[in-house]
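Heads up, the thing below is written out as structure tokens.
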Amino acid sequence: MPKISFEHDHKTAEANVDDWLYDVCTDAGASVPFSCKAGACGTCATEVLGAHDGLGRLTQRELRTLETAGLDPARYRLPCLHSVAGDIVFGGPAKGGAAAAALPVVKAQVESFRRLNLSVAEVRFFVQSPGFAFRPGQYMVFQIPSADGREVIRRSYSISTPPSDAQHFEICVRAVAGGHGSNWVHRLRPGQLVSCEGPVGDFVLADSDRDIVMVATGTGASPIKSMLLHLLDTRSSRRVRLFFGVRSHQDLFYTDLLRGLEAHYPSFSSDIILSSPDPAQWAGARGRVTDLVEKKVRPADAATTEAYLCGSRSMIEDVSAILRSKGFADDRIHFENFF
């Protein structure tokens, strides 16, 4: 079993291979600071003193974030982007670099709350802070009071609306059993004031004329929705195909939205697949969303198409591998992990 050492804190933890390092750090009580948990803010940049093989490969996102913070990627890494692959020896968090970076604080008021299904809710906010602007695909980091009110817990949620309305934004969140952040979101009601940081993230719609393949599972559809509505707002002529996967019929949401987009955006099409449907409720495609990608994306698409993926880590890895096997270059595969 891999050992994760935190020399700065004089602590050692055992972990399983593929455990998310964010969970390992927090469970061990290590002093690694986290904010966005997606490798965009650089808050968790921490020195690696040994056993570098326990970390995954350095990604382009991690490299950009570290270089922006003026940190040597041979010395510092972002634990939030990695799972355990073996032993790791961490030093202290970066000082005066990425960890010192502060995100702009946005004040917002809950304008509406609606349930999209039994476990997913959509919350609309009115932005009180001036000068708010974001790019389709970005997210906000919410400042959530702890259960005892003594500290602030930060949780990141993607914006699901297009940037054409700079006075509002919406988030789409699934309630998770025991999830402090998601359950806090599900208790929000109109009139409540919240503080959040951002916008953050480089999972954004590229300005190009290439065709688009979008792949989403669950609430990974949230930033995808922002991108789709932006394309509609700007009267884009780009061909867009969405492959959306959930587990069962009761997990579906945004189906009316997708039908409306297909009616108003002739270049857009969507395919929905369910992995464990009730045959009495679902007559559509059955299986994993990877099945749709394997079947409907052709090698010839690689030269003219870019992909946007959002959902579980395993889906991102599997779909990325399929796309690469069909000839897609890494810089044409954009993704956001939802852990």
Decide if the gap between the ring center of F90 and the ring center of F6 is smaller than 6.0 angstrom. yes
Tell me, which pairs form a salt bridge (Lys or Arg N to Asp or Glu O under 4.0 Å) where one or both residues lie in residues 5-21, sequence neighbours left out? none
Below 6.0 angstrom between ring centroids: does that apply to F132 and F169? yes
Are any non-hydrogen side-chain atoms of L231 and I212 less than 4.5 angstrom apart? yes
I153 versus H180: any side-chain heavy-atom pair under 4.5 Å? yes
Nearest 0.5 angstrom please: W282 CH2 to Q250 CD, how far? 12.0 Å
When you compare the side chain of R298 with that of K326, does any pair of heavy atoms fall below 4.5 Å? no
Pairs in or reaching into residues 229-238: which pass salt bridge (Lys or Arg N to Asp or Glu O under 4.0 Å), with residues at least two apart or in two chains? R238-E306
Note, I224 side chain near M214 side chain (heavy atom, < 4.5 Å): yes
Check whether any side-chain heavy atom of V120 sits under 4.5 Å from a side-chain heavy atom of T219, and report yes or no. yes
So with a 6.0 Å cut-off around CZ of R286, is the heavy-atom count from everything else above 12? yes
Roughly how far, to the nearest 0.5 Å, is the OG1 atom of T290 from the CD1 atom of I322? 5.0 Å
Please answer whether the main-chain N or O of M315 pairs with a side-chain N or O of D318 as donor and acceptor at a distance below 3.5 Å. no
Could you check whether any side-chain N or O of S226 sits under 3.5 Å from a backbone N or O of S160, counting only pairs where one atom can act as donor and the other as acceptor? no
Close side-chain approach of M227 and F203, heavy atoms under 4.5 Å: yes
Think R155 forms a cation-pi with F142, using NZ or CZ under 6.0 Å from the six-ring centre and within 45 degrees of its axis? no
For a quick check under 3.5 Å, do R135 and H230 share a side-chain donor-acceptor pair by atom type? no
Any donor and acceptor pair, going by atom type alone, linking the side chain of T26 with main-chain N or O of D23 inside 3.5 Å? yes
Indicate yes or no for a side-chain donor-acceptor contact from N183 to the backbone of G179 under 3.5 Å, with no hydrogens or angles considered. yes
Pair up each side-chain donor or acceptor in residues 195-202 with any protein partner under 3.5 Å, not counting sequence neighbours, and list the distances.
{"residue": "S195", "atom": "OG", "partner": "K107", "partner atom": "NZ", "Å": "2.8"}
{"residue": "E197", "atom": "OE1", "partner": "R154", "partner atom": "NE", "Å": "3.4"}
{"residue": "E197", "atom": "OE2", "partner": "Q143", "partner atom": "NE2", "Å": "2.7"}
{"residue": "E197", "atom": "OE2", "partner": "R154", "partner atom": "NE", "Å": "2.8"}
{"residue": "E197", "atom": "OE2", "partner": "R154", "partner atom": "NH2", "Å": "2.9"}
{"residue": "D202", "atom": "OD1", "partner": "R61", "partner atom": "NE", "Å": "3.3"}
{"residue": "D202", "atom": "OD2", "partner": "R64", "partner atom": "NH2", "Å": "2.7"}

If we only count heavy atoms from C-beta on, is the L116 to R114 side-chain gap below 4.5 Å? yes
Between side-chain atoms of residues 267-278 and protein atoms elsewhere (two or more places apart, or another chain), which donor-acceptor pairs fall under 3.5 Å?
{"residue": "S270", "atom": "OG", "partner": "E262", "partner atom": "OE2", "Å": "3.0"}
{"residue": "D271", "atom": "OD1", "partner": "K296", "partner atom": "NZ", "Å": "2.8"}
{"residue": "D278", "atom": "OD1", "partner": "A280", "partner atom": "N", "Å": "2.9"}

Can you list every ring-ring contact (aromatic ring centres under 6.0 Å, His included) pair that touches residues 303-326, not counting sequence neighbours? Y308-H334
R77 versus E62: any side-chain heavy-atom pair under 4.5 Å? yes
Give, for atom CZ of R288 and atom CD of E294, the distance between the pair rounded to the nearest 0.5 Å. 11.5 Å
Salt bridge (charged side-chain N to carboxylate O under 4.0 Å, His left out) filter on R174, not counting sequence neighbours, yields none
